[in-house]
Amino acid sequence: MCGIVAYIGHREAYPIILKGLKRLEYRGYDSAGVALVNNGLNVYKKKGRVAELEESVVGKDLHSNIGIGHTRWATHGEPSDRNAHPHVSANGKLAMIHNGIIENYAQLKKDLQNKGYQFKSDTDTEVLLNFIEDIQRNNQCTLEEALRIALKRVTGAYVIVLIDAEHPDTLIAARKGSPLVIGVGKGEHFLASDASPIIEYTKEVVYVNDYELAILRGDELILKNLGNEKLTPYIQKLDLELAAIEKGGYDHFMLKEIFEQPDTIFDCLRGRLDATAGTITMSGVQNYLEQLVNAPRIIIIACGTSWHAGLVAEYVIEELCRIPVEVEYASEFRYRNPIVRKGDVIIAISQSGETADTIVAIEKAKEQGAIIFGILNVVGSSIARISHAGAYTHAGPEIGVASTKAFTAQLVVLTMVALKIAHAKKSISEELYSTLLKELHEVPGKAATILKDTDAIKKIAEKYKDAANALYLGRGYNFPIALEGALKLKEISYIHAEGYPAAEMKHGPIALVDASLSVYFVATKDTYYEKVVSNIQEIKARKGKVIAVISEGDETIGPMADDVMIIPEAHEIVAPMLSVIPLQLLSYYTGVARGLDVDKPRNLAKSVTVE
Ligand code: M6R
């Protein structure tokens, strides 16, 4: 939610910030702005995409070696020029960008208004900025001191970056609960919400922690805590290539990321799975194997697509490990009074590793003594740092707002974790263990087969693109895939879609079925197959349109369905890694056919760092 970029050094700041904002646009895209210093502040901001900001500044004074930029996902105040960041303080000297929410902004605003402050926007950000300015004025102190005092009095989450027109040699930033990376160059520093705006200039980065302040000059980086104690910055090497964050010839990131899946699944397995030797090497699991094997219960917490991966894992872990599993929405778990018992293991799943609800849910479980095992895609992310152990999905940067390759990689990691526990626990036979290792090994090749020819899926998308509603049905391992298919369709095409366990349909949703309803079945050959065939009959009897994902060689469903999408046969435990791919493509092609911006669907953002 919201992308921030800042620069200080010997180069022109504006082009670096603009390029960085384009890379961070996936985090929010309802307005954008920059603040530069050249004999005073120059602030330019615009409702809409970064490209609109770019157009609007043609011919303006853009010269500066220091600057801050922001791309917004609105929380307080509608998307508009005046609510766009950066905001400028009442005295006109300070400019600030912010990612997060200041929860006690209303009281602070009232206090400031009583002192005569007037506000130009509806944002919590402008309140915090004037609060800082007010402290500075009253205490006659430096901006850094004023910021420290202010941050001790605000509640909420933030990354903020400030510039002072009277001190154009310094950038000041602070973090609590939202991500912030510093790029360390030669005589220059970069700041951003993630490393993508930084990688082409430097590979040396520092991840700022909560309650830390960074004071940056061209050749100086000072890190402090809120108690004004200096900290030693831990400089890490970035393991990211520029090509990974570019479209590489595809029309959209979403399509590129769907097509990357044979490689990302392979990368996820690489160095871990050896089907011939019969081994799975995962140090994160190995170090906590005893606790995992003996866990009385596993609680999975996640949001959105990651929650769907958790649901698949519930089926897999219970089947293979015979450990009870509960799958929780992080947003519900954090506000309940959840019961976490001694020995319980929490598996937290998150692509970004920055989802606010998941972070707080983890903290809550940790307070009660749970072991936290993170399944994450972004190395060094907030959740990675608060987990006791974990496993990365190695899917590479996922930029399209819809999660695709991260999901399949999550399924692969979760299945390997389950297999490792089950093998150590001896809760499955050697024969099933070897079969599943071999099946996992074959997933990248089978995913490539699905992607070899996607024309049929594109035609189906075009045929049903004007449907008003869609129902997604599946059973067993494929029930969460039905949920995921429905989520993908609604977020990318804005068609109302619901996912349901196929058998539940007759307890209500069947009332919706008529000739205008598209019903998508995930109906691969598995334990539930015959039952699903009966459910298809029930839909056909009521004239619903049936579109089914089926296994190669299936001769039963083809004649019954209006359309089919065929995937290679696979063991039911690995089938979800494949059955989801046609549904990802279907939502992509539907969104494109409806003329929508599939990489940046309305109202959404990639990284949900507000609750
Ligand atoms: O980064 P996370 O995996 O924690 O994100 C969770 C959800 O916000 C995310 O999966 C969201 O549902 C996606 N837009 C789905 O495509």
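Atoms within a ligand are numbered from 1 in the order they appear, just like the ligands themselves.
From the protein, the heavy atom lying nearest to atom 1 (O) of ligand 1 is Ser352 OG, 2.7 Å. When hydrogens are left out, the protein atom nearest atom 7 (C) of ligand 1 is Cys303 O, 3.7 Å; that is the closest non-hydrogen contact. At the shortest separation from atom 8 (O) of ligand 1 among protein heavy atoms lies Val608 CG2, 3.8 Å. At the shortest separation from atom 4 (O) of ligand 1 among protein heavy atoms lies Thr355 OG1, 2.4 Å. From the protein, the heavy atom lying nearest to atom 9 (C) of ligand 1 is Thr305 N, 4.0 Å.
Judged by the 6.0 Å and 45° rule, Arg602 forms a cation-pi pair with Tyr494.
Remark: ligand 1 atoms within the under-4.0 Å shell around heavy atoms of Glu491 are 13 (C), 14 (N), 15 (C), 16 (O). Short contacts between ligand 1 and Val401, defined as distances under 4.0 Å to a heavy atom of the residue, involve ligand atoms 13 (C), 14 (N), 16 (O). With ligand atoms numbered from 1 in the order given, ligand 1 contributes 16 (O) to contacts under 4.0 Å with heavy atoms of Ala402. Near Ser350, meaning under 4.0 Å from any of its heavy atoms, are these atoms of ligand 1: 1 (O), 2 (P), 3 (O), 4 (O). Residue contact check: Lys488 has heavy atoms under 4.0 Å from atoms 15 (C), 16 (O) of ligand 1. Near Ser306, meaning under 4.0 Å from one of its heavy atoms, ligand 1 places the atoms 2 (P), 3 (O), 10 (O). In summary, the atoms of ligand 1 found under 4.0 Å from a heavy atom of Ser403, numbered by their order in the structure, are 15 (C), 16 (O).
Residue Gln410 has no N or O atom closer than 3.5 Å to an N or O atom of ligand 1. For Thr358, no nitrogen or oxygen atom sits less than 3.5 Å from a nitrogen or oxygen atom of ligand 1, counting backbone and side chain alike.
Contact check on Arg297 versus Glu326 returns a salt bridge, with a Lys/Arg side-chain nitrogen under 4.0 Å from an Asp/Glu carboxylate oxygen. Between Asp267 and Arg270, at least one side-chain N (NZ, or NE/NH1/NH2) sits under 4.0 Å from a carboxylate O, which counts as a salt bridge. Checked for salt-bridge contact, Arg175 and Asp210 meet the test: a charged N lies under 4.0 Å from a carboxylate O.
From Thr415, atom OG1 reaches atom OH of Tyr477 across 9.5 Å, with rounding to the nearest 0.5 Å.
Residues Val327 and Phe333 have side chains not in contact (no heavy-atom distance under 4.5 Å, counting atoms from C-beta outward).
Taking the six-membered ring where tryptophan is involved, the planes of Tyr250 and Phe259 are tilted, since the angle between them lies from 30° to 60°. Relative ring orientation between His388 and Tyr288 is described as tilted, the plane-to-plane angle lying within the 30° to 60° band.
The shortest separation from a heavy atom of Glu354 to ligand 1 is not under 4.0 Å, leaving the residue out of contact.
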Salt bridge (charged side-chain N to carboxylate O under 4.0 Å, His left out) evaluation trace for Arg475 with Glu504: CA-CA 10 Å; Arg475 292 178 89 134; Glu504 267 299 299; over 6 Å; no
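Remark: the Glu354 side chain and the Ser381 side chain contain no N/O donor-acceptor pair separated by less than 3.5 Å.
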